[in-house]
**Q** 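To start, I am sharing the structure in question, which I have written as structure tokens.
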Amino acid sequence: MKELPKNYEPQKYEKDIYEKWEKSGAFTPKIDHKKRPFVIPMPPPNVTGILHVGHASMLAYQDILTRWHRMLGQPTLWYPGTDHAAIATQEVVERKIKNETGKNRYEIGREKMLEEIKKFAENSRHTILSQIKIMGASCDWTRLKYTMDETSSKAVQEIFIRMHKDGMIYRGDRVVNWCPRCNTTLANDEIEHKDIDGHLYHIKYRLQNDPGKFIEIATTRPETMFGDSAIAVHPQDKKWKNLIGQTVFIPIINREIPIITDEYVDINFGSGALKITPAHDPNDFEIGKRHQLKSILAIDEKGFMTDEAGKYKGLDRFICRENLLRDLEKSGELIEIKKYSHAVGHCGRCKTVVEPRLSKQWFVSVTEKIPGRNKSLQEYCQEFIRAKKIKIIPKRFEKQYFNWVDNFRDWCISRQIWWGHRIPVWYRLNSDVLEVYKRNPNEFRQLIENETNITVSIENPEKDKPADGSKNEHWVQDPDTLDTWFSSGCWTFGPHGWPDETEDLKYFTPPNAEVVMETYWDILTLWVVRMNLMTAYALDEIPYQTVYLHGAIVDKNNKKMSKSRPETCIDPRDIIEKHGADVLRLSLIIGSAPGAQLALAEEKIIGCRNFITKIWNVARFIIEQPDFETAPAISESKTLSTSQRWILSCIEDLKKHSKKSLKSFHFSAYGEALYDFLWNSFADWYLEISKIETGSTPILKEVLKNFLILAHPIIPFVTEKIWQEAEFTKTQLISETWPEFNKKLIDQKAQAEMNKIQAMIKAIRSARAEAKINAGAKIKTIIEANTNKELFTQNIGIIKKLSRCEEISFSNKKPTGNIFSFMAGTDSAHIIMDDLIDSVAEKTRLNKEVNEIKLYITGLEAKLNNKKFIKNAPKEVVSKEKEKLEQAKLRLEKLDKQIKTLS
RNA sequence: GGGCGAUUAGCUCAGUUGGUUAGAGCGCACCCUUGACAUGGGUGAGGUCACAGGUUCGAAUCCUGUAUCGCCCACCA
């Protein structure tokens, strides 16, 4: 007989099990053109840090799907990877270097800085990859990807070049969101809007020809006045009508600007006069274009005032504001300050107040039609969802998706940072006219030199001078890099080798493959929209059929776990170390709902740990049965007992529910069904029954085997370990075939019978407690059974043992003497008491039941006496209600009888 | 300013297309050293499903409004 330790110790087994899985090649799909492949691209974690509990939940969902589809027999690919996370990573390293050496990135230099970042990223990458493994993630390591690897980089550069040739990418001067701290542009969705209790400053701009008179403007950012090109009023505004066409002085610096009219101005806001600063406000920029105004930069890229600000030159923009206001007050040009609450953009990364600023940037045009396709990228994104080619779960996020996509504006893709994919564009030195694009300097040099016989010098005019005095040209590559979402937008096809028509690209993408994107709902617009957009352009196809969005993990007080508040953080590695990966996975799945946050608390983790222990002990009990190894497979011909037919039916039910839940992405329901079956049906009832009925081992074995397969996707380690211990097969559980549900094996008769047996056992237990009979005491019970007598007789051993009765007998009438009477369903039963019984308790209990059932009957009768109900409700519902009423009346009748015969 | 979601037991949440006396886990009370498991077993208490209307034979579920909380989007200075 085999012996298993009393407690499951995951630390002892998990590493070995994972290595065995990986070594066996189970993670790598076998390409089979007769089968439909299933694919999950793993959202690549940023190489900025370590795995947190959010990653853990993502991995849990994806591994469940992967393992399930693999067991279903589909060639299943879950490809892992990491994201270089341009701005985020650079920022982390910059801060690190600043702390260590006190130097900023400009002092370090581009090349040296990139080396440092690369080193850091590699390090971080390795940590993250090993952490993905300890979660049990069954992803294909032979297809490990990285957004900066050769394959992905090639795709990124190629798509840039193609889009540019198609006119879908252009370079232009625009007012963009600028972070003075990060020193780069930010896309709209990298901005966080926060409501600020600010001020609206009313300022005088004096007339040139009559300094005693002035026009009053209102602004929240007075420091931008040095970039003003005009004052605009509404053409119909009577208040300022006389001043139109005149010029005014900008205070302090006394530069002249005209007063113009524009429909855009809101007469009722502020003073009705708007200062126009084309270089620092997107609306002003548009107005400036309409009136051919100059764009004047008053604030530089680091947030300091430019020459235009006169004596404020070199001051930080906010210090300038303070000084300026003081000076304006002194000179009498500050009219008033009003409290004004408004939203101000902050850098999503470093929380610095964003400065809208004019600069030359690269953009993706989203509303222009793609040449030869008669559809814009925006239209693709709309159509994917509208035509139901892509399903978003939960559906309500489709609204958020459209809210974003319908208001799409051209996407600024250039960033003034160094870490990332450099824009593959070259210029002649001192010219910003694009000349040629090529991926890397050597490729570029070769191209020019082959075609022109000119020696090319790259970025260093002094070096590489040809010795023979032949022609020499100097070229520079665009210094900017691409938005990190530009490369992660290629995640569904780039890593497969696009633009080459590789086997992976054809096999593992739609329409051939079933692809699911499972990610955090927060990046729906940031990432999912970009993948749709990029895939639409590259493949003229959807990237996936389903987007499943999970929510954030919060602590038990519903607070988001954040690094800044360590007390809220649960480190996934701690849980794995203490309780194993299965426990962590369960805790993250049970109670989760798509798009909703999930509370993870210590109590829940303990509950899940208890469940794993329970599974282990159930398995231990079964495997330690003396006849475990020799027990034959169950055959249908053999006559089975009620309980045996019942538990086999339950397993069939579990198969049905598991499949239904997984198919519809109801991960929690799947986990709960497993929990409920194993604990409440199998352990609490059948295992106990198996100790009473002989010949149970084949059934126990069969149920355990099926349960292990069904539970494997969510708790892979413990199920695999038990599978090996039980030696169900010579192979690993990970490669087992998912058991198909067979409707014929659902035995409703067995279920109904078992319900009656359970009801009787529960009623006896309950009565014992009510009658205050010692739990250990053996008792005698008499059942007044009518129709169920045969069933109870057949299962009398079970009823006796589980209700702890010494003897159970049947009778046609109520016995006399010291008895405690109660009911189980419609059967009366009586416990024979040694002593005088507490008739008060008995009466109380019976009366309580009578009251409940009377209320119930009243409700049913009212319903059935309602002619409209009879007329309108479906026949099944009516007959069901009638049946219920009959049963209730029967029960009431017996209860009444019992009460009457009470002494 | 525009939009979305939530409100069910002390706590965390299920509740599929309206149709069992509204469920689970945790917690709580009482009992139990039953030979797989005390990380266990048994019994029980606890809800007018946020509020007010409406539709319907029938509403936790559908509609309207109110309140509270949460979230997203946004170039009115």
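Here is the naming used below: chain letters follow the sequence lines, and residue numbers restart at 1 for every chain. What you see below is based on every heavy atom in this structure, not just the backbone, and it leaves out hydrogens, waters and symmetry mates.
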**Q** Would you indicate what A:Lys399 reaches in the nucleic acid, counting non-hydrogen atoms under 4.0 angstrom: base, sugar-phosphate, or nothing?
**A**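 If one applies the 4.0 Å heavy-atom cut-off, A:Lys399 turns out to touch the sugar-phosphate alone, with no base involved.
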**Q** Any luck finding a side-chain donor-acceptor pair between A:Asp627 and A:Thr697 under 3.5 Å?
**A** yes
**Q** According to the interplanar angle, ranging from 0 to 90°, do the rings of A:Phe820 and A:Phe822 count as parallel (below 30°), tilted (30 to 60°) or perpendicular (above 60°)?
**A**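 Because their plane-to-plane angle lies in the 30° to 60° range, the rings of A:Phe820 and A:Phe822 count as tilted.
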**Q** Just by distance, no angles: are the side chains of A:Glu216 and A:His202 close enough, under 3.5 Å, to form a donor-acceptor pair?
**A** yes
**Q** Could you write nucleotides 20-25 of chain B as a row of B, S and -, 5' to 3', where a protein heavy atom under 4.0 Å of any base atom gives B, of only sugar-phosphate atoms gives S, and otherwise -?
**A** SB---S
**Q** For a quick check of understanding: with a heavy-atom distance under 4.0 Å over all strands, which category does A:Lys604 fall into, base, sugar-phosphate or nothing?
**A**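 Nothing, no heavy atom under 4.0 Å.
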**Q** Have A:Ser668 and A:Glu672 got a donor and an acceptor in their side chains that come within less than 3.5 Å?
**A**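 Side chains of A:Ser668 and A:Glu672: pair found under 3.5 Å.
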**Q** For A:Arg768, which contact category applies under a 4.0 Å heavy-atom criterion: base, sugar-phosphate, or nothing?
**A**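 No contact at all - A:Arg768 keeps every heavy atom at 4.0 Å or more from the nucleic acid.
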**Q** Could you tell me whether the phosphate oxygens of B:U43, OP1 or OP2, come under 4.0 Å of any side-chain nitrogen or oxygen in A:Arg765?
**A**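 Checking A:Arg765 against B:U43: at least one side-chain N or O falls below 4.0 Å of OP1 or OP2.
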**Q** Contact class for A:Trp685 vs. all strands (heavy atom < 4.0 Å): base, sugar-phosphate, or nothing?
**A** nothing
**Q** Do the rings of A:Phe707 and A:Phe677 sit parallel, tilted or perpendicular, given the 30° and 60° boundaries?
**A**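 Taking A:Phe677 first and then A:Phe707, their aromatic rings lie parallel (interplane angle under 30°).
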**Q** Under a plain distance cut-off of 3.5 Å, with no hydrogens placed, do A:Lys275 and A:Thr277 share a side-chain donor-acceptor pair?
**A** yes
**Q** Reckon A:Leu687 touches a base, only the sugar-phosphate, or nothing at all at heavy-atom distances under 4.0 Å?
**A** base
**Q** Which base sits across from B:U33 as a Watson-Crick or G-U pair, both distances under 3.5 Å?
**A** none
**Q** Counting the atoms with a prime plus P, OP1 and OP2 as sugar-phosphate, which does A:Asp684 contact under 4.0 Å by heavy atoms, base, sugar-phosphate, or nothing?
**A**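 Sugar-phosphate contact only - A:Asp684 comes under 4.0 Å of backbone atoms but never of a base.
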**Q** Is the phosphate of B:C75 approached by A:His193 (side-chain N or O, under 4.0 Å from OP1 or OP2)?
**A** yes
**Q** So what does A:Ala683 hit on the nucleic acid, given a heavy-atom distance under 4.0 Å: a base, only sugar-phosphate, or nothing?
**A**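 Base, at least one base atom sits under 4.0 Å.
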**Q** May I ask you to decide whether A:Glu849 forms a salt bridge with A:Arg891, counting only side-chain N to carboxylate O separations under 4.0 Å?
**A**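 A:Arg891 and A:Glu849: salt-bridged.
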**Q** Please measure how far the P atom in B:C63 lies from the corresponding atom in B:G18, and state the result in whole Å.
**A**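 These two P atoms come out 11 Å apart once rounded.
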**Q** Which nucleotide, if any, forms a Watson-Crick or G-U wobble pair with B:G65, using both distances under 3.5 Å?
**A** B:C51
**Q** Select base, sugar-phosphate, or nothing to describe what A:Lys663 touches, counting heavy atoms under 4.0 Å on all strands.
**A**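 Nothing, no nucleic acid heavy atom in range.
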**Q** Using only modelled atom types and a 3.5 angstrom limit, is any donor from either the side chain of A:Asn866 or the base of B:C57 paired with an acceptor on the other?
**A** no
